Each structure stands twice: as C-alpha cells, then as structure tokens.
Amino acid sequence: MNPYRHFIGVIIAALKSMQAAGELPETLDFSAITAEPPRDAAHGDIATNAAMVLAKAAARKPRDIAEPLLQRLKANADVVDGAVAGPGFINLKIADAFWRERLAECLADGLAYGDSRMGEGHAVNVEYVSANPTGPLHVAHARGAVVGDALANLLHKAGYAVTKEYYINDSGAQVDKLGQSTYLRYREALGETIGAIPEGLYPGEYLKDVGAAIAQRDGARWIDKPEADWLPEMRSFAVATLMAEIRADLETLGVDIDVFSSERALVESGAVDSAFEELSRQGLIYQGRLEPPKGQKPDDWEDREQTLFRATQFGDEVDRPLKKSDGGWTYFANDIAYHHDKYRRGFLDMIDVWGADHGGYVKRMRAAVSAITGGKGELDVKLCQLVRVLKNGELVRMSKRAGTFVTLRDLLDEVGPDVVRFTMLTRKNDAAFDFDLVKATEQSRDNPVWYVQYGHARTRSVMRQAAAAGISADGLATAPLDRLVDSSELALVRLISQWPRQVEAAAVAHEPHRIAFYLNDLAAAFHAHWNRGREEPGLRFVIDGDSDLTRARLALVQAVGFVISSGLKVFGVTPVDEMR
RNA sequence: GGACCCGUAGCUCAGCUGGAUAGAGCGCUGCCCUCCGAAGGCAGAGGUUGCGAGUUCGAAUCUCGCCGGGUCCGCCA
C-alpha cells in the first residue's frame with residue numbers, strides 16, 4: 001500500500017462529508033491535493049495542502065477550511081494528532097501501529113513489496129540502446145541501456161505492461177558504408193594491401209575480424225565482382241556479426257530486450273508508404289521550400305522543392321523533409337513509420353531513450369507521433385547527456401579495438417555489470433555525468449554502490465548470526481512488531497513504508513535515478529541504527545532472553561533487506577550477501 | 001542565427017512535477033572510539049539556488065530576458 005495515496009483518499013472522504021454538510025461548495029476539483037511526508041519530521045507524518053489548494057474555488061481562507069477539515073480527520077482511527085500550520089498546511093501524526101502494519105505488509109510481500117497497480121496493465125513501449133550495428137557499444141550506449149532497462153523494470157513494478165524494444169538501423173547510407181568498409185577488410189584478409197581506410201568509411205579494427213570471417217567462408221568469390229553483387233552480402237554479414245556482439249554485450253550487462261525491430265524489414269514491408277499515406281490523408285504533407293539554416297550555412301546548400309511534413313502544426317519550429325533529393329525516404333520518414341508501427345501494435349505510451357546528440361530531433365518526433373496516432377499516442381523522450389569515463393580524475397581512452405572511445409565491453413571488464421548499472425543511475429539522465437572507475441569501486445561512504453550493497457550485506461549478516469544463535473528467521477511476518485518502540489527503529493519502519501510511494505513517484509516521472517537516492521537514504525538510516533547498537537547494547541538486534549523482541553527486530557532487519565533487494569532488482573543489480 | 005540540456009554549500013550531487021527554516025556525502029573544525037556488530041561515531045561552521053524581472057497566498061521548481069558550460073542544426077543515421 002502507498003500510505004500517502006491512502007491518506008489522500010481519507011482526506012477527500014472528509015472533504016466530501018464537509019460538502020454534504022454544506023460546509024463547502026458542491027463542486028470542487030480535488031486533483032491537486034497532495035499528501036506527503038513533511039520536510040521536517042517534527043511536523044508529523046503526513047502533510048496535506050488540501051485547504052490551500054481549495055481556498056480559491058471555495059472562496060474561503062485556507063485556515064477556515066483547514067480547521068474543520070482537521071477535526072474530521074482526527075476522527076480517523078489512524079490519526080492520533082494533527083495541527084494546522086503555516087499558511088494552511090494540515091500536519092497529521094499517524095499511529096505507530098499503522099506504520100507497523102506497513103512493515104508486516106513488506107514482510108509478507110518480500111521482493112514484491114512496492115508492486116503497484118497504478119499502471120492498470122496499460123501497454124508501454126520502452127525503446128532504448130538502438131545503436132547502429134556499425135560497431136561495438138560504447139559508454140554512451142551503456143548509459144542509455146541502463147536507464148532504459150531500469151525505467152522499463154520500474155514501470156513493470158508500477159503495474160504497466162512493458163515491452164523492451166531495440167530498433168536496428170540496418171538500412172540506409174551508414175550501413176552501405178559499413179558494407180564497403182567490410183569489403184576492404186575482406187580483401188585485406190585475402191592478402192591485399194588496402195592502405196588507409198578512406199574518409200567516411202569505418203576505420204575501426206573490429207571490422208578486420210568480420211572481413212576475415214567472410215574470407216574464411218567465401219574465399220575469393222567476391223574479389224572481381226561489381227559492388228552491386230557483393231554489397232548486400234557484406235552488409236548483411238557485417239550487421240549480423242556486429243548485432244551478435246551487441247547482443248552479447250547487452251547480455252553481460254544484464255539487459256534483456258523483448259523485441260528487436262529491423263528498419264530494413266519495416267521499409268521492405270511498405271510501412272513507410274502507408275505511414276506517408278496516412279499523413280497525406282490528414283493533409284499534413286505538401287511540397288515546399290525550406291530556409292537554409294542561418295549562421296552556419298552548409299556550403300553545398302541547394303534550394304529545392306521538397307516533400308514536407310507539417311511538423312509546425314504540432315509545435316516544431318519548421319516543417320521537416322520526408323524525401324531525399326535522390327527520391328528515397330529520409331531517416332525521419334522511416335522513424336515515423338516505425339512509431340506508427342508501434343502504435344498499430346497497441347502502444348499508446350511510447351518512451352524512447354536517446355543520446356544527447358539527438359536532442360534536436362525530439363520535437364519533430366513528438367510531433368510526428370501526435371500526428372500519426374491522431375493525438376491518441378504520446379511519446380516521451382529521455383535524453384541521456386554525455387558520459388565521460390575517468391580514472392582518478394584523468395580522462396580515459398582505453399579501447400584498443402575501437403581506437404577513440406571507451407567500449408561497453410571495456411567498462412564491464414573493468415568494474416563489472418552491477419557497478420556499471422548502479423553508477424549510471426546515480427545521476428538524472430539529463431545531466432552530464434563523469435564515471436570515475438576508481439570512485440565507482442572504492443569502499444567508502446560516498447560511493448552509493450558500495451554503501452547500499454553493504455547495507456544489504458549487513459542485513460544478511462545479522463540473519464546469519466541470529467541463525468547461528470539458534471533463532472529462526474521463519475514466520476517473521478507474524479513477529480510481535482509492537483515491540484518495536486525505539487525512535488530510530490520506528491524511523492526505519494516509516495522509511496520502509498515509503499517504498500511503494502517511491503516506486504509510483506519515480507514511475508510517473510519516468511525517473512529511475514530517484515530509486516538510487518532512496519536506497520542510499522535507507523541504507524544510511526540502517527547503518528546509523530546499527531551504529532547506535534554499538535553504544536547501546538540494548539538496541540542490538542539479538543537480545544538474549546527476549547525472543548519476542550529479537551524476532552521483532554529481525555523482522556525489521558529482514559524488511560530492510562527486502563526493500564534494498566527489491567530496489568536493486570529494478571536496477572538489475574544483484575544484491576550481495578557479504579562484502580569481500 | 002536558432003533549438004534542446006545543464007547551472008543549488010569549497011567539491012560531487014539531491015530536492016518527491018508550486019509548499020513550511022533549501023538537504024546529503026566528501027572536504028573543513030571540534031570532541032569521542034580503537035570496539036571485530038570490521039571497512040568509524042557524534043556535533044558544528046558553510047547558501048543572494050548564475051543574474052534580473054514576472055505570474056500568486058507561496059518559486060530552486062512555472063514564464064520572459066540576459067550570462068556561462070554542453071549537445072546539435074535540409075538532401076547522415
């Protein structure tokens with residue numbers, strides 16, 4: 001249960017009874033009412049803005065609504081005290097028993113604690129990574145992969161029917177260049193001297209293996225053939241090989257994609273034509289001319305009549321071309337068809353996770369989704385800003401294979417998937433991020449990966465010690481939780497009760513990083529409580545001669561472990577049982 | 001020239017979609033501990049939320065204009 005959502009219901013019920021008694025107008029909008037933990041715990045457990053939000057519509061002063069509302073709320077069995085404060089807040093103190101019930105809920109649910117039905121089973125498509133199959137994945141892809149994957153897991157936990165999707169850009173000029181680059185490496189593998197890789201082709205050494213593999217398989221059969229003969233073969237072989245590597249990297253990272261969509265297959269199915277027809281039918285296509293970009297003018301600018309989509313009707317700055325001068329579709333046209341395809345597969349909610357270099361593309365894509373779905377579909381784009389990899393503050397460039405950039409594989413070899421995943425989620429996606437390999441693996445308070453894992457390991461360590469002392473961890477959900485009376489124990493119970501709310505809030509906002517900060521807070525509270533046990537032996541978990549108290553405290557410890565595991569599961573990180 | 005992202009303590013960052021006295025870690029200062037329930041504990045100082053207007057009961061949060069950093073800008077994907 002999300003306690004805050006629960007109390008919003010209680011507050012609205014009280015307001016309705018005030019309406020019934022003629023104390024408030026009949027029609028009021030309750031949607032802006034919030035119930036949240038006050039910033040200062042001294043204010044109580046729940047603060048609501050109800051009186052302030054309704055004041056204007058009710059034509060009353062906030063406090064004149066707050067006072068009678070508070071009286072009605074005090075009648076609720078869970079509310080033990082309350083006060084009107086500041087400009088009209090109502091602060092409520094909630095019975096300890098109510099929070100202990102949340103703890104019991106956590107113990108009963110285990111890793112499922114925090115699962116929400118908020119999403120009501122609605123289908124959401126989360127598309128991420130979608131790296132071109134022209135080389136190995138690098139750090140920027142890693143961030144997108146982790147953010148997208150955690151967001152998908154989060155939405156799943158919040159009750160949505162989530163599909164994780166990867167769009168393979170296996171069509172167009174870039175893939176032709178890949179095929180040409182592969183052909184050079186193929187000839188090289190057969191003993192030719194190819195010299196420097198021409199400008200515009202892919203120079204990366206990873207293509208040597210691909211060329212050699214084709215030479216191994218086909219021998220010299222492509223050597224004297226025209227490009228039209230060998231290009232399709234080179235292209236598809238290279239794409240297949242590189243996609244296999246990408247999938248292997250994703251697997252190591254723990255990313256499990258549900259659907260791989262091929263751009264080439266989409267184009268060949270005629271999906272672009274049908275999307276185009278749909279937009280034409282709506283009168284959103286026309287022939288026209290565009291202004292050249294100001295300031296930085298392209299030297300080969302050619303003013304010409306183009307086939308344009310009326311993106312400006314949907315909030316974009318300019319209308320966008322759908323056809324290239326050679327008559328082929330632009331990438332944008334293909335992408336419209338792709339999102340149209342998602343819509344036809346039943347997705348009204350679409351989330352795309354992109355790199356910062358695609359920032360200029362967001363408005364037109366949102367415009368296109370709005371148009372192609374008749375306003376029914378909604379696209380949210382999460383832009384991941386740049387990641388720089390550092391080692392003790394020094395910029396790292398370490399890939400031998402790829403030359404200039406840090407590959408995901410390098411990163412995984414260096415620190416492992418769990419550290420990559422958690423660390424990538426300690427920053428909101430739209431802020432640039434420095435990934436320091438040393439700090440990410442160091443055992444210190446300011447490394448949240450270590451600190452949270454240590455918190456979990458400590459919960460396991462307590463359970464092991466209890467077991468060694470002959471105390472069973474079975475049936476802790478029915479332990480006498482009313483024996484938990486210490487203030488820092490109750491503070492932990494309240495923090496645990498926050499988990500369902502954290503899940504819902506992070507899911508609504510599409511912000512998985514919030515989970516990292518919550519887990520860090522929970523771990524900090526647990527470590528602090530543990531430390532109190534060093535000064536005051538009476539606060540330790542295992543108390544000789546009082547098995548009820550011990551079981552109640554073990555229940556609390558186990559619940560902390562459940563919530564941390566549950567959060568790490570959203571992140572795709574494995575909780576550890578002991579630190580090494 | 002334009003679009004998008006960022007700007008919060010000395011440093012690295014939160015801030016729950018407009019709420020109360022803006023928080024945490026590191027660093028700094030001062031006490032305490034040397035306990036294996038280890039990889040420290042407690043407390044304190046530290047802020048004109050880049051600058052300036054506006055919106056309203058109320059702004060770090062929304063709007064506009066500047067400043068600084070980043071990403072990008074038809075016929076690439």
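This one's a predicted model, so the numbers in the text were calculated from it and none came from an experiment. The sequence lines fix the lettering, A, B, ..., with proteins before strands; numbering per chain opens at 1.
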Hey, are A:Lys382 and A:Asp352 close enough for a salt bridge, meaning a charged N less than 4.0 Å from a carboxylate O? no
If the P atom of B:rC16 is compared with that of B:rC75, how far apart are they to the nearest Å? 38 Å
Looking for any heavy atom pair under 4.0 Å, which part of the strands does A:Ala55 touch: base, sugar-phosphate only, or nothing? nothing
Partner of B:rC66 under the Watson-Crick or G-U wobble criteria, both distances under 3.5 Å, comes out as B:rG50
Please state the P separation for the pair B:rC42 and B:rG27 - nearest whole angstrom. 14 Å
For B:rA9, what is the paired nucleotide under Watson-Crick or G-U wobble rules, both distances under 3.5 Å? none
B:rU8 and B:rA22: how far apart are their C1' atoms, nearest whole angstrom? 8 Å
Can you give one letter per nucleotide of nucleotides 36-41 of chain B, going 5' to 3': B for a protein heavy atom under 4.0 Å from the base, S for sugar-phosphate only, - for none? -BSBSS
Return the pairing partner of B:rA38 with a 3.5 Å limit on both distances, Watson-Crick or G-U wobble; otherwise return none. none
Mind checking the P distance from B:rG18 to B:rA60? Whole angstroms is fine. 13 Å
Side-chain atoms of A:Pro38 come closest, of B:rA77, B:rA20, B:rG74, to B:rA20
Looking only at B:rC4, B:rC13, B:rA20, the nucleotide nearest the A:Lys363 side chain is B:rC4
The side chain of A:Leu386 is closest to which nucleotide in this list: B:rG19, B:rU71, B:rA20? B:rU71
Would you indicate which nucleotide in B:rA14, B:rC76, B:rC16 comes nearest to any side-chain atom of A:Arg514? B:rC16
Given atom OH of A:Tyr331 and atom C1' of B:rG74, what is their separation to the nearest angstrom? 17 Å
N/O donor-acceptor pair, side chain A:Asn520 with base B:rA14, under 3.5 angstrom: no
Nearest nucleotide by nearest heavy atom, which residue falls closer to the 5' end of RNA chain B, A:Ala173 or A:Gly359? A:Gly359
Rounded to the nearest Å, what distance is computed from the NE2 atom of residue A:His513 to the P atom of nucleotide B:rA14? 6 Å
Stacking between A:Phe89 and B:rG19, defined as ring centres under 5.5 angstrom apart with planes under 30°, is that present or not? no
Taking the six-membered ring of A:Tyr451, is NZ or CZ of A:Arg445 closer than 6.0 Å to its centre and within 45° of its axis? yes
Flag side-chain contact, heavy atom, 4.5 Å: A:Leu279 against A:Phe276: no
Mind checking who B:rA59 pairs with, Watson-Crick or G-U wobble, both distances under 3.5 Å? none
Taking a pair as Watson-Crick or G-U wobble with both distances under 3.5 Å, which nucleotide is matched to B:rA3? B:rU71
When you compare B:rA24 with B:rU71, how far apart are their C1' atoms, in angstrom units rounded to a whole number? 30 Å
Only one of A:Val239, A:Leu178, A:Leu242 clears side-chain contact (heavy atoms from CB on, under 4.5 Å) with A:Asp170; which? A:Val239
